[in-house]
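Here is the naming used below: chain letters follow the sequence lines, and residue numbers restart at 1 for every chain.
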There are 2 protein chains.
Amino acid sequence: MTSSRSKIPRATVKRLSLYLRELESRHNQNQKTINSKQLGDVLSLTDAQVRKDLAYFGQFGYPGVGYRILELIENLRRILGTDRKWNAVVIGAGNIGRAIMAYQRFRQKGFEVVAVLDNDRSVVGQVISGHHVRPMSDLNDLVQQRDVKIGILAVPAPVAQEVADQLIEAGVQGILNFAPVRLDVHDAVGITSVDFSVALEQLAFQISLGVTGSLEEENDQ
Amino acid sequence: MTSSRSKIPRATVKRLSLYLRELESRHNQNQKTINSKQLGDVLSLTDAQVRKDLAYFGQFGYPGVGYRILELIENLRRILGTDRKWNAVVIGAGNIGRAIMAYQRFRQKGFEVVAVLDNDRSVVGQVISGHHVRPMSDLNDLVQQRDVKIGILAVPAPVAQEVADQLIEAGVQGILNFAPVRLDVHDAVGITSVDFSVALEQLAFQISLGVTGSLEEENDQ
DNA sequence: CGTTGTGAAATGATTCACAGCT
DNA sequence: AGCTGTGAATCATTTCACAACG
């Protein structure tokens with residue numbers, strides 16, 4: 001292993017996901033290789049950016065050729081950790097919880113929902129996307145027995161912190177948070193948040209600027 | 001108007017939403033003022049960062065006092081464009097579409113869903129969150145008659161670009177995209193994307209690093 | 001050739017530190 | 001006295017440009 005140990009910008013990690021998405025699409029169309037210019041163009045990035053991002057993690061390219069798509073896909077999956085299986089529990093059987101459970105792509109990425117929990121008596125026992133909704137009291141046993149690494153938090157904002165604490169107490173290593181609050185957790189736990197309101201506000205801002213104004217960067221897709 | 005015309009970093013705009021979220025929470029607890037240190041602490045930012053972000057848009061603070069919460073909320077809403085009403089259509093009556101329609105917070109932020117469209121015959125006519133699902137052929141009339149400014153795209157990836165084109169053709173000014181593809185649109189249209197898979201991959205990466213590694217920045221919440 | 005990987009330069013964002021306001 | 005707004009300094013990221021490679 002010769003991999004150099006320099007600091008990896010967070011923005012680079014976000015782009016890795018986007019590279020992977022594009023590469024998978026090209027792979028499905030049977031394309032075999034791609035160069036940094038082509039890959040950059042679809043994401044509105046420079047070729048140098050693409051090369052530098054990838055070079056943080058190793059030497060994947062072939063001078064004069066570019067990158068072999070399949071090989072790069074495998075490398076990116078390994079780097080991102082989606083070449084493994086991650087068991088997850090969904091907390092909250094409301095609309096967002098249901099949408100998540102039905103989202104096929106999660107499984108494709110290696111994330112397996114092993115249970116849905118909710119502490120609302122009126123939903124416990126219902127079947128959603130093939131899972132019986134279980135009471136929150138099952139959490140600890142589930143995490144132990146099914147080796148659950150990820151909690152997907154789809155509960156109302158006011159209880160999100162409390163439930164996050166329970167998840168961490170139970171032993172999950174990461175939380176995907178859909179509640180519009182910032183969770184306060186210690187550093188050993190990974191957190192990624194998806195906040196629809198923030199997304200909408202970003203959009204409203206772009207539209208409000210309209211012809212009026214000027215943001216320097218382009219779309220945050 | 002004395003507002004200085006400097007470049008606004010995109011990261012600043014994203015933080016504006018987070019400031020607003022925190023301010024609204026404090027306002028509900030009846031807090032009247034807040035200073036840049038307090039506001040920065042909850043988001044793990046420096047006080048200077050907070051002040052600089054806000055100063056891009058005007059002078060909102062009172063030396064010796066801080067910021068008056070209600071006043072700052074109003075200013076941020078105006079800046080973000082959520083002090084206005086935006087009519088929106090949801091395209092796609094699948095799980096994500098349903099979750100969005102049921103998401104109360106959208107309306108609180110000034111976004112009004114005036115219709116759901118889908119071109120799957122088997123769902124057209126169904127009622128979802130109080131709206132009849134209408135056929136895609138109604139799109140143009142709807143956008144005209146209801147002054148629709150925003151399209152919320154909750155369709156499968158393979159048709160996302162095509163539907164985006166239809167939305168723009170019909171006259172929407174912004175698209176909130178839930179499909180895991182990059183949309184290619186001309187600059188006059190605002191785009192914000194929410195990709196669950198990207199979020200999960202970011203999380204997987206954080207966990208994979210685990211004790212192992214070190215990203216420089218902390219949580220992207 | 002064409003294209004990578006990478007130092008060096010340029011650009012951009014954050015933090016420091018302090019004058020000035022209330 | 002306490003806190004803002006902001007130039008100057010620091011730190012991070014992106015782009016340039018080119019040697020090295022298949």
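Distance CD1 (B:Ile34) to C1' (D:dC3): 13 Å, rounded to an integer number of Å. The NZ atom of B:Lys7 sits 21 Å away from the P atom of D:dT13 (whole-angstrom rounding). Between the C1' atom of C:dT4 and the NZ atom of A:Lys37 lies a distance of 15 Å, rounded to the nearest Å. In this structure, B:Leu43 places its CG atom 17 Å from C1' of C:dT15, rounding to the nearest Å. Here C:dA13 presents its P atom at 15 Å from CG of B:Leu45, a figure rounded to the nearest Å. Rounded to whole angstrom, the span from the CZ atom of B:Arg10 across to the C1' atom of D:dT13 amounts to 16 Å. D:dA17 atom P lies 17 Å from atom CD of A:Gln49, rounded to whole Å. Counting to the nearest Å, the P atom of D:dA12 and the OH atom of A:Tyr56 are 11 Å from each other.
Here salt bridge (Lys or Arg N to Asp or Glu O under 4.0 Å) pairs that include residues 71-91 of chain B, with residues two or more places apart or in two chains, are B:Glu24-B:Arg77.
A:Leu176 has its side chain within reach of B:Leu200: a pair of non-hydrogen atoms, C-beta onward, lies under 4.5 Å apart.
Residue A:Arg15 has a polar side-chain atom (N or O) positioned under 4.0 Å from OP1 or OP2 of D:dT14. Taking 4.0 angstrom as the limit, A:Ser36 places a side-chain polar atom (N or O) nearer than this to OP1 or OP2 of C:dT4. Between A:Arg51 and C:dT4 there is a side-chain N or O to OP1 or OP2 distance below 4.0 Å. Between A:Thr46 and D:dT15 there is a side-chain polar atom (N or O) within less than 4.0 angstrom of OP1 or OP2. OP1 or OP2 of C:dG5 sits under 4.0 Å from a side-chain N or O of A:Tyr67. Note on A:Gln59: every side-chain N or O is 4.0 Å or more away from OP1 and OP2 of D:dC21.
No engagement by B:Thr12 is indicated, since no non-hydrogen atom pair under 4.0 Å with the nucleic acid exists. Residue contacts shown for A:Gly64 include a base, since a base heavy atom lies under 4.0 Å away. At the heavy-atom level, B:Lys52 lies under 4.0 Å from base atoms of the strands shown.
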- Kindly indicate, with the supporting measurements, whether the criterion salt bridge (Lys or Arg N to Asp or Glu O under 4.0 Å) is fulfilled by A:Lys149 and A:Asp147. CA-CA 6 Å; A:Lys149 289 282 195 294; A:Asp147 188 32; 2.7 Å; yes
- Carefully, step by step, assess A:Ser17 and B:Glu201 under the rule side chain to side chain donor-acceptor pair (under 3.5 Å). CA-CA 7 Å; A:Ser17 285; B:Glu201 282 169 353; 2.7 Å; yes
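Between B:Leu54 and A:Pro63, it is B:Leu54 whose nearest contact on DNA chain D lies nearer the 5' terminus.
Taking the six-membered ring for Trp and thresholds of 30 and 60 degrees, B:Tyr103 and A:Phe196 have ring planes more than 60 degrees apart, a perpendicular arrangement.
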